[in-house]
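Scope of the values below: all heavy atoms of this structure, side chains included, with no hydrogens, waters or symmetry mates.
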Amino acid sequence: MPEEPAHRYTAALAGQIELAWQDRWQQAGTFRAPNPSGPLGDGFDKVADRPKLYVLDMFPYPSGAGLHVGHPLGYIGTDVYGRYMRMAGHNVLHTLGYDAFGLPAEQYAVQTGTHPRITTEANIAIISAQLRRLGLAHDDRRGVATTDVEFYRWTQWIFLQIFNSWYDVEADKARPIAELEAALASGREPDSGTNPSGLAWADLDDVERRRVVDAHRLAYLHEAPVNWCPGLGTVLANEEVTADGKSERGNFPVFRRPMKQWKMRITAYVDRLLDDLDKLDWSDSIKLMQRNWIGRSEGARVTFATVTPDASIEVFTTRPDTLFGATYMVLAPEHPLVDVLAADAWPEGVDSRWTSGASTPREAIEAYRKQAARKSEIDRQAESREKTGVFLGMHATNPVNGDQIPVFIADYVLMGYGTGAIMAVPAQDDRDWDFATAFGLAIVRTVQPPEGWGDVAFLGDGPAINSSFLDGLAVAEAKVAINDWLVEHGHGSRTITYKLRDWLFSRQRYWGEPFPIVYDEDDLPRAVPDSELPVLLPEVDDYSPRTFPIDDVTSDPEPPLGRADEWVEVTLDLGDGPKVYRRELSTMPNWAGSCWYELRYLDPTNENAFVDPEVERYWMGPQLDGDLGGVDLYVGGVEHAVLHLLYARFWHKVLFDLGHLSSSEPFRRLVNQGYIQAPAYTDERGFYVEASEVTERAGEFFFDGQPVNREFGKIGKSLKNMITPDDMIAEYGADTLRLYEMFTGPLDQSRPWETKAVVGVFRLLQRIWRNILDEETGQPRVSNDDADEETVRTLHKTIAAVRDGMESLRFNVSIARLTELNNHLTVRYPNGGVPRSVAEPLVLMLAPLAPHTAEELWARLGHDESLTWTPFPEADPALLVDDTVEIPVQFNGKVRARITVAAGLPKDELEAAAAGDPGVIELLDGKTIRKTIVVPDKLVNFVVA
RNA sequence: GCCCGGGUGGCGGAAUGGCAGACGCGGAUGGCUCAAAACCAUCUGUCCGAAAGGGCAUGCGGGUUCGAAUCCCGCCCCGGGCACCA
């Protein structure tokens with residue numbers, strides 16, 4: 001029997017309402033944000049007097065699995081905020097595109113032969129349907145994908161801007177490379193390290209000059225160590241390499257070796273990337289992560305002479321004050337000096353621990369390098385690991401005391417940081433201590449540890465000892481003194497180093513942006529002219545790179561683009577007549593598109609520029625003195641705290657330097673949303689198993705009959721624990737899903753998914769609906785009577801609290817306060833008749849959170865227009881304060897009584913009222929008041945004995 | 001290993017130096033009903049107590065303060081990142 005009232009708020013009704021409103025919004029173009037000019041400029045005059053607001057989400061990768069319930073957390077958050085701010089009077093720009101180049105589509109293509117574009121477009125279609133169903137207020141004209149030809153054409157253009165630039169340290173900004181060429185021609189010295197020949201510019205031939213210029217560019221070719229997997233024919237990410245040095249796919253050996261790669265000179269920007277952090281509205285934790293990642297440290301370079309002339313070892317140290325305690329040295333196994341320095345034979349009486357049993361140093365080095373090449377960097381830095389290494393059979397001279405100290409290679413020293421070599425001071429460094437202990441090396445303390453310090457390194461401050469002229473100085477003083485000494489005697493200099501390395505920009509893959517670069521007969525790179533853009537990704541019949549015998553370390557990769565024979569060679573006229581050139585075969589990394597997509601959203605159809613300057617200035621330009629400009633609110637996962645956010649800041653600054661942008665930072669305010677976590681399960685081997693097929697018996701978890709371990713982590717394919725929004729929408733509707741995700745906690749907090757708790761917010765919508773509409777007829781059951789004073793006060797307190805929650809992105813509190821208001825109405829008006837003067841603000845406050853339901857209620861209350869542009873209710877400050885307040889009276893900080901007094905009672909009167917209260921007098925009997933703390937409107941605390 | 005974040009009832013959370021546990025889920029009891037569901041009402045941190053009332057309680061240990069979930073120090077556990085996953 002269908003007992004249910006015809007107009008009750010059910011999942012079916014919610015679904016109908018939602019689809020109808022989504023169609024209506026789309027037809028009306030409700031969420032289209034007009035630009036100040038250009039093709040998207042229609043209707044700007046209507047919003048010209050509003051402040052602008054640019055809200056941005058980190059865009060999704062269109063994975064084949066579609067969206068999971070974790071994705072929309074941020075999207076709903078920005079949607080609620082954007083809708084609220086629009087009602088609060090702003091011109092809001094909000095849209096969403098796709099970060100669509102990437103490995104999964106390519107790997108699928110390798111396996112199936114399906115073109116990644118087909119897979120990607122199908123995935124985008126699925127995801128955009130999922131997103132549309134959430135009712136997000138996006139401007140549908142702006143949602144570009146990084147794989148669109150008209151998008152990556154500009155990614156290539158920006159690459160060329162970077163390629164055709166150099167960093168002028170004097171001017172502290174990037175400048176066009178042509179200006180460098182002009183300066184070099186008129187006598188400017190090349191930057192250090194860019195002219196290995198040492199000859200004057202006039203004495204260089206054309207090719208040598210081009211090499212010098214190329215070495216200045218912000219995008220340049222460089223030998224960089226990578227994980228080379230000949231069996232797969234490609235370079236792998238550290239995460240694709242297993243602990244024992246095999247590829248995760250295929251289980252082939254992986255070798256760490258240098259390879260010629262494109263790099264981006266992000267290190268030229270370190271100081272600006274650091275300094276400008278101060279001006280950004282980002283959380284302190286993210287700023288700290290970026291600072292630590294950049295890793296600026298002040299220290300000294302110290303030169304250690306060896307018996308080989310012209311082959312002294314340069315080290316960077318942050319502790320030059322400990323130089324007297326340097327009892328040995330370590331080079332990274334890949335360090336170029338290793339081959340130069342290594343002795344031909346072991347010295348007489350060499351310690352057997354130093355040789356690893358090899359008969360000559362070179363033999364030991366070769367074996368050790370092989371072993372080190374199989375380890376990941378994370379592994380190599382793990383402090384817990386046992387220290388390994390081999391002796392080079394030779395010594396270096398400690399410049400301060402002339403001691404001959406042995407030189408080793410060891411994998412705990414990395415080529416990528418500092419100079420790739422260290423002076424080892426076991427007494428003041430844990431890793432050096434462990435190594436020295438294992439190899440029987442001398443340990444000399446040069447900082448006095450405190451009394452009773454154990455048999456371990458001492459990293460703290462204390463007076464210098466065993467250090468000649470430094471003795472007695474504290475660490476900071478000793479650093480200054482030794483630096484002066486090093487400079488004076490020509491053994492070193494004060495320097496600053498950074499952990500940040502230049503950005504490795506090449507990928508030996510198919511599904512990415514082709515480089516707009518060709519090589520000439522001298523094998524030097526040349527820019528493809530802007531008029532030849534885009535360089536289209538060619539068709540190939542096989543998406544995999546050429547593979548090699550699994551232990552062929554030395555062969556060079558042949559990326560998939562090499563299979564496009566007709567494409568690889570191209571005839572161009574680069575100003576010296578038509579010639580045949582060979583194209584760059586690698587593609588750009590996935591990060592490239594995400595470095596500038598926020599700019600393209602502003603002007604997605606522009607064919608003449610990546611963005612129109614006027615449009616960019618309107619949406620992202622600096623607003624006040626000291627403001628650097630950028631997106632007004634950027635929301636995304638904290639996993640992008642360093643890489644994406646640093647790369648995007650870097651590109652933005654280059655474009656700013658070259659005069660293409662008015663803003664010098666891309667993201668003015670950043671909020672990291674939390675994760676929705678879900679249980680994931682690993683089997684005995686540590687591999688993830690499909691979470692939906694795991695069963696629970698008596699608190700234990702089983703997969704396919706075998707016990708598995710439960711952990712909580714990010715939802716997604718890698719943990720095999722997908723939960724999709726589609727099921728939730730089918731069961732409750734999109735507004736309920738939106739409310740649930742916003743209700744489970746503040747936006748920046750992670751939370752576990754709990755399907756059975758979703759019903760709570762569904763009931764809230766149902767109760768609001770019932771308080772406003774008759775469930776039998778669907779007609780309003782509100783009255784035009786005035787609300788009573790308590791209801792009016794409750795309404796205004798709710799408005800203030802809801803606004804506060806919206807602005808601080810703590811929507812859970814806004815929802816709780818709306819629930820309280822609605823509960824109050826349910827009790828006060830059990831038979832209907834909620835005053836319209838309360839019902840309407842309630843609907844408007846609900847609108848950013850549950851827009852479909854709110855629109856429907858608003859329409860049924862008799863409004864023809866969408867409430868999207870209706871002003872958000874404002875609280876009357878006079879109604880926020882009550883006439884009387886209840887004050888807790890504490891004894892020694894514990895509440896013992898309560899008194900009710902007039903609000904705003906001054907301190908002395910409040911104290912008198914508390915002391916005069918009969919209950920308090922009784923409690924005070926026999927006690928002495930030592931002190932009284934009075935906080936008006938808050939509490940009274942008697943400190944008694 | 002290094003860097004960042006988090007830990008409050010059975011569960012999600014509220015309170016950011018001033019009444020710990022708002023709001024919701026779950027649970028209990030009652031109403032309505034022939035009955036069930038739905039709905040409505042009341043209760044629901046824990047221990048002692050018939051009650052009144054009181055003790056304990058915000059991962060663990062210490063500290064600052066009249067007063068600490070909140071600030072400081074040390075530890076434990078969980079999550080994120082570590083440069084070619086996105």
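Under the rule for a salt bridge (charged side-chain N to carboxylate O under 4.0 Å, His left out), the partners of A:Arg770 that lie at least two apart in sequence or sit in another chain are A:Glu775. For A:Trp503, the side chain to side chain donor-acceptor pair (under 3.5 Å) criterion is met by no residue, not counting sequence neighbours. Residues that satisfy the ring pair (Phe, Tyr, Trp, His ring centres under 6.0 Å) test with A:Trp262, not counting sequence neighbours, are A:Phe159, A:Phe163, A:Phe515. By the ring pair (Phe, Tyr, Trp, His ring centres under 6.0 Å) test, A:Trp769 pairs with A:Tyr9, sequence neighbours left out. Every residue meeting the ring pair (Phe, Tyr, Trp, His ring centres under 6.0 Å) condition with A:Tyr543, not counting sequence neighbours, appears here in chain and number order: A:His115, A:Tyr510. Under the ring pair (Phe, Tyr, Trp, His ring centres under 6.0 Å) criterion, A:Phe811 pairs with no residue at all, not counting sequence neighbours.
Sorted by first and then second residue, the salt bridge (charged side-chain N to carboxylate O under 4.0 Å, His left out) pairs with a member in residues 741-769 of chain A form an empty list; sequence neighbours excluded.
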Give me, pair by pair, the N or O atoms of the protein and of nucleotides 10-12 of chain B that are less than 3.5 Å apart, along with how far apart they are.
from, atom 1, to, atom 2, distance (Å)
B:rG12, O2', A:Thr744, O, 2.7

Table of protein N/O atoms under 3.5 Å from nucleotides 53-56 of chain B N/O atoms:
from, atom 1, to, atom 2, distance (Å)
B:rG55, OP1, A:Arg896, NH2, 3.1

Original post:
Taking protein heavy atoms under 4.0 Å as touching, what does nucleotides 64-76 of chain B look like 5' to 3' if B marks base contact, S marks sugar-phosphate-only contact and - marks none?
Top reply: --B----------
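Looking at residues 503-511 of chain A, you'll see A:Leu504, A:Ser506, A:Arg507, A:Gln508, A:Arg509 sit with a heavy atom under 4.0 Å from some atom of RNA chain B.
Taking every side-chain heavy atom of A:Glu820 into account, B:rC23 is the closest of B:rG5, B:rG79, B:rC23. Set against B:rA14, B:rG79, B:rC82, the side chain of A:Leu643 has B:rC82 as its closest nucleotide.
Taking the six-membered ring where tryptophan is involved, the planes of A:Trp591 and A:Tyr647 are perpendicular, since the angle between them exceeds 60° and thus also 30°.
Dashed line: the shortest gap from a side-chain N or O of A:Asn238 to OP1 or OP2 of B:rA83 is under 4.0 Å. Contact between the side-chain N/O atoms of A:Asn292 and the OP1/OP2 oxygens of B:rC2 is not found at any separation under 4.0 Å.
For RNA chain B, the stems formed by at least three consecutive Watson-Crick or G-U pairs, with both atom-pair distances below 3.5 Å, span B:1-7 with B:76-82, B:10-12 with B:23-25, B:26-31 with B:39-44, B:45-48 with B:53-56, B:59-63 with B:71-75.
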